[in-house]
Every structure is written in C-alpha cells, then in structure tokens.
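To start, the structure under review is shown below, and the notes come after it.
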Amino acid sequence: LSFKSPKSLGSIIPSTSVSHAVFGKLNGDDILYTSVNGAPAVFNVYNITKEELVSSHSMSMAKNVWCHIINPVNEKVYIIGTGNLYEYDPLTDSMTDLGDFSSTEGASFTANVDENGNIYIGTSTNAKIIKYDIIEKKFVDLGSVKDGASYVRSLNYHKGYLYAGIKGDGYVEFYKIDVSDFSKKEEIPLPVSGDYSMDMLSSVNWIYGGTVVGDKIALYVPCETKYILLVYDTEKNEFVNTGYNGGFKGLYTTPLKDSKSYFIGDG
C-alpha cells in the first residue's frame with residue numbers, strides 16, 4: 001500500500017482576531033492601520049473620518065501580527081509579521097515585504113522606532129534585538145539582550161535608550177540599553193514593594209508590553225494571580241508609585257491625550 005505526497009489544503013476557517021492597531025493622518029483624515037490574523041494575515045487600512053475601508057493587503061509570510069509602527073521620519077507603516085518585516089506606504093497604497101529579519105529567531109511580538117526612523121525588533125528564541133536601518137535598508141543583528149534568555153516581549157524606545165522586558169528559564173528581567181552602543185546595557189531591578197504586595201511582585205512572570213507616556217513607561221505585567229500596572233520613570237531611573245493597585249486588562253495603555261494615558265482596570 002502506498003500513498004501520494006501530502007498536500008496542504010490551507011486553513012479551514014480564516015481567523016478574524018486582531019491583536020494591535022495604530023492611528024495616523026492622511027490628507028487630513030483619521031486613518032486606522034491594523035491586521036487580521038490568519039493564514040495569511042491581512043493588513044487593512046480604514047478611513048475613520050469617512051467610515052470606509054481604503055484597502056487590504058495580504059502578507060504571505062505572516063500569520064499573527066502583534067505590532068504596527070508609524071515611522072515619524074518617512075510616515076510609512078511598518079508591520080511585524082511573524083518573522084518578516086513589511087513596509088506600507090500610505091501615499092502610494094503599496095506594501096513591500098522587506099524580508100526575514102533573522103534566520104535564527106522565532107516569531108516577534110514587539111518593536112519600536114527611534115527619532116531617526118530606525119526600527120528595533122525584539123525576538124523570541126534567543127531574546128535578540130534586530131535593527132532595521134532605513135537609510136542602508138538592511139537588518140543588523142544587535143545580539144541577545146542576555147545569553148540564555150528566550151524572549152524580548154516588551155520593547156520601548158525613549159531618548160536614546162531601549163527598555164526591554166525579557167524572559168528566560170525561570171526569570172523575568174527589565175533592561176535599559178544604549179542604542180549607540182549595545183554593549184552598554186544595565187538591568188533595572190523590578191520593584192519589591194509599592195502599590196502592590198510583596199507576594200504579588202515576587203510572582204511576576206512577564207514584562208509583557210509597554211507604552212511610553214511622557215518620560216515614563218507604563219508596563220503591562222502578568223503575575224501569578226493578576227495582571228498589574230508598573231510605571232518606570234526614565235528621568236528618575238526608578239519605578240514609581242501611582243496609587244493604583246488594581247488589575248490592568250489590556251496589553252497597553254493609550255498614547256498621551258491631554259497629558260493623560262488611559263487603560264482598562266478592574267471593571
């Protein structure tokens with residue numbers, strides 16, 4: 001008895017989950033950029049002002065999209081699709097696959113951009129940071145944040161530094177990294193007291209996502225029994241108390257609006 005070679009028939013039901021979105025302006029209109037996860041993922045451009053879908057772009061090498069970035073230098077949208085980086089130009093409504101950013105790494109869940117337009121991608125497998133240089137148009141492997149770590153799960157940029165939440169076998173750590181010299185990095189100790197109990201803070205199992213809010217970074221932090229909010233002050237170089245000790249239901253707080261950042265708490 002013999003069989004022919006197996007043939008993939010693709011996904012039976014396309015996915016409709018959305019993990020992330022960013023908002024911009026085009027010709028005076030408010031625009032939403034987001035991706036629907038699936039096989040493949042589909043990038044969608046919505047005109048919020050006119051309440052209409054502008055366009056959709058299939059990304060053949062992407063399944064789950066966790067991160068979109070609007071580049072402040074060239075105003076293009078960069079999409080982290082599994083292991084490939086995509087570039088969308090709103091002016092021409094065109095999508096470009098910039099390629100696989102690393103042959104050694106698994107999927108990426110986080111990325112950020114500096115004031116020069118360079119993209120920094122955090123990876124899984126070896127907890128690396130990959131830089132995409134928009135002038136040279138090439139990827140630069142900056143190496144692992146820590147040898148033996150598995151994930152860079154949160155990655156934020158602020159005033160010359162990257163702030164990375166990493167995970168390894170049995171540990172979670174938070175690092176400050178000089179983008180001009182990747183060897184200059186320091187671990188920032190997580191708080192052991194403050195708004196939350198010592199038992200809660202000792203059970204942190206991810207630094208899962210972060211939002212730059214002024215000179216502070218608001219971090220989404222899953223613990224053993226609760227998801228909490230930790231805030232790091234980049235000027236004081238310390239975690240600060242906020243007076244809030246409830247839950248944090250969401251991956252990110254909002255960007256600043258009228259000097260405030262919003263999030264969903266308990267109820």
Side-chain angles (χ1 to χ4, degrees), residues 19-20 61-67 69 80-85 99-114 118-133 138-158 160-193 196 198-212 217-228 230-232 234 237-239 251-252:
S19 303
H20 190 256
M61 301 304 294
K63 183 177 180 180
N64 296 308
V65 176
W66 289 88
C67 187
I69 294 169
I80 312 299
T82 311
N84 282 45
L85 179 65
D100 187 341
F101 47 77
S102 177
S103 60
T104 67
E105 300 304 286
S108 171
F109 304 98
T110 185
N112 226 281
V113 60
D114 66 19
N118 297 305
I119 307 294
Y120 299 89
I121 304 167
T123 73
S124 63
T125 304
N126 294 296
K128 287 187 174 184
I129 294 178
I130 309 294
K131 175 183 176 181
Y132 179 70
D133 188 315
K138 67 178 183 180
F139 296 107
V140 181
D141 188 337
L142 299 177
S144 299
V145 176
K146 180 178 179 177
D147 290 341
S150 303
Y151 290 89
V152 175
R153 188 56 187 83
S154 70
L155 189 65
N156 294 102
Y157 174 83
H158 188 59
Y161 293 93
L162 290 168
Y163 295 86
I166 71 166
K167 185 177 178 69
D169 186 9
Y171 63 86
V172 176
E173 295 174 351
F174 189 53
Y175 279 83
K176 178 180 180 179
I177 305 164
D178 189 335
V179 297
S180 64
D181 184 351
F182 196 74
S183 67
K184 295 181 180 178
K185 51 191 170 184
E186 62 176 296
E187 182 187 354
I188 299 169
L190 297 177
V192 295
S193 63
Y196 298 93
M198 183 182 297
D199 288 343
M200 181 70 67
L201 294 170
S202 66
S203 69
V204 169
N205 51 38
W206 288 96
I207 303 294
Y208 205 81
T211 307
V212 175
I217 302 175
L219 296 167
Y220 173 68
V221 180
C223 297
E224 188 172 318
T225 60
K226 195 174 189 176
Y227 300 143
I228 67 173
L230 295 181
V231 177
Y232 182 76
T234 64
N237 295 313
E238 63 182 19
F239 282 94
L251 299 182
Y252 311 97

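- Atom CG of L85 and atom CD1 of I121 lie 4.5 Å apart (nearest 0.5 Å).
- What you find for T82 and K63 is that their closest heavy atoms are OG1-N, 3.0 Å.
- With K185 contributing its side chain and Y175 its backbone, the two residues share no donor-acceptor pair below 3.5 Å.
- When all heavy atoms are compared, the tightest approach of I228 to C223 is CD1-SG, 3.6 Å.
- Put simply, the residue from V113, D114, I130, I177 that forms a side-chain contact (heavy atoms from CB on, under 4.5 Å) with Y120 is D114.
- Distance alone, capped at 3.5 Å, is enough to place a donor-acceptor pair between the S124 side chain and the A107 backbone.
- Annotation: D169, atom CG; neighbour count of heavy atoms from other residues, nucleotides and ligands within 6.0 Å does not exceed 12.
- No donor-acceptor pair closer than 3.5 Å links the side chain of K138 to the backbone N or O of D133.
- Applying the 6.0 Å contact sphere to CE of M61 captures no more than 12 heavy atoms from other residues, nucleotides or ligands.
- The distance from atom CG of L162 to atom CD1 of I129, rounded to the nearest 0.5 Å, is 5.0 Å.
- Taking CH2 of W66 as the start and CD1 of I80 as the end, the distance is 14.0 Å to the nearest 0.5 Å.
- In this structure, Y232 and F174 have perpendicular ring planes: the angle between them is above 60°, well past the 30° mark.
- Here CG of L155 is found 13.0 Å from CD1 of I207. Values are rounded to the nearest 0.5 Å.
- Applying the 6.0 Å contact sphere to CZ of F109 captures more than 12 heavy atoms from other residues, nucleotides or ligands.
- Between the side chains of E173 and Y171, no donor N or O sits under 3.5 Å from an acceptor N or O.
- Note: Y161 and Y163 have tilted aromatic rings, judged against thresholds of 30 and 60 degrees for the angle between ring planes.
- Here the closest heavy-atom approach between residue N84 and residue F101 is recorded as N-CE2, 3.7 Å.
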- Evaluate side-chain contact (heavy atoms from CB on, under 4.5 Å) for Y157 paired with V212, printing each intermediate quantity in order. CA-CA 8 Å; Y157 174 83; V212 175; over 6 Å; no
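- In terms of modelled atom types and a separation under 3.5 Å, the side chain of S108 and the main chain of G122 share a donor-acceptor contact.
- Qualifying side chain to side chain donor-acceptor pair (under 3.5 Å) partners for S202, counting only residues two or more places apart in sequence or in other chains: none.
- When only modelled atom types and interatomic distance are considered, T123 and E105 share a side-chain donor-acceptor pair under 3.5 Å.
- Counting all heavy atoms, side chain and backbone alike, L201 lies closest to L230 at CD2-CD2, 4.1 Å.
- Ring geometry, Y252 versus H20: the interplanar angle exceeds 60°, so the pair is classed perpendicular (tilted spans 30 to 60°).
- With rounding to the nearest 0.5 angstrom, the CG atom of D181 is 10.5 Å from the CG atom of L142.
- For S144 against F182, the heavy-atom pair with the smallest separation is O-CE2, 3.8 Å.
- The shortest heavy-atom contact between T110 and V152 is CG2-O, 3.4 Å.
- Rounded to the nearest 0.5 angstrom, Y227 OH and W206 CH2 are separated by 11.0 Å.
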- Task: Quick one: do N112 and H158 satisfy side-chain contact (heavy atoms from CB on, under 4.5 Å)? Show the steps, please.
- Result: CA-CA 10 Å; N112 226 281; H158 188 59; over 6 Å; no
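- Judged purely by atom type and a 3.5 angstrom limit, N156 uses its side chain to pair as donor or acceptor with the backbone of G210.
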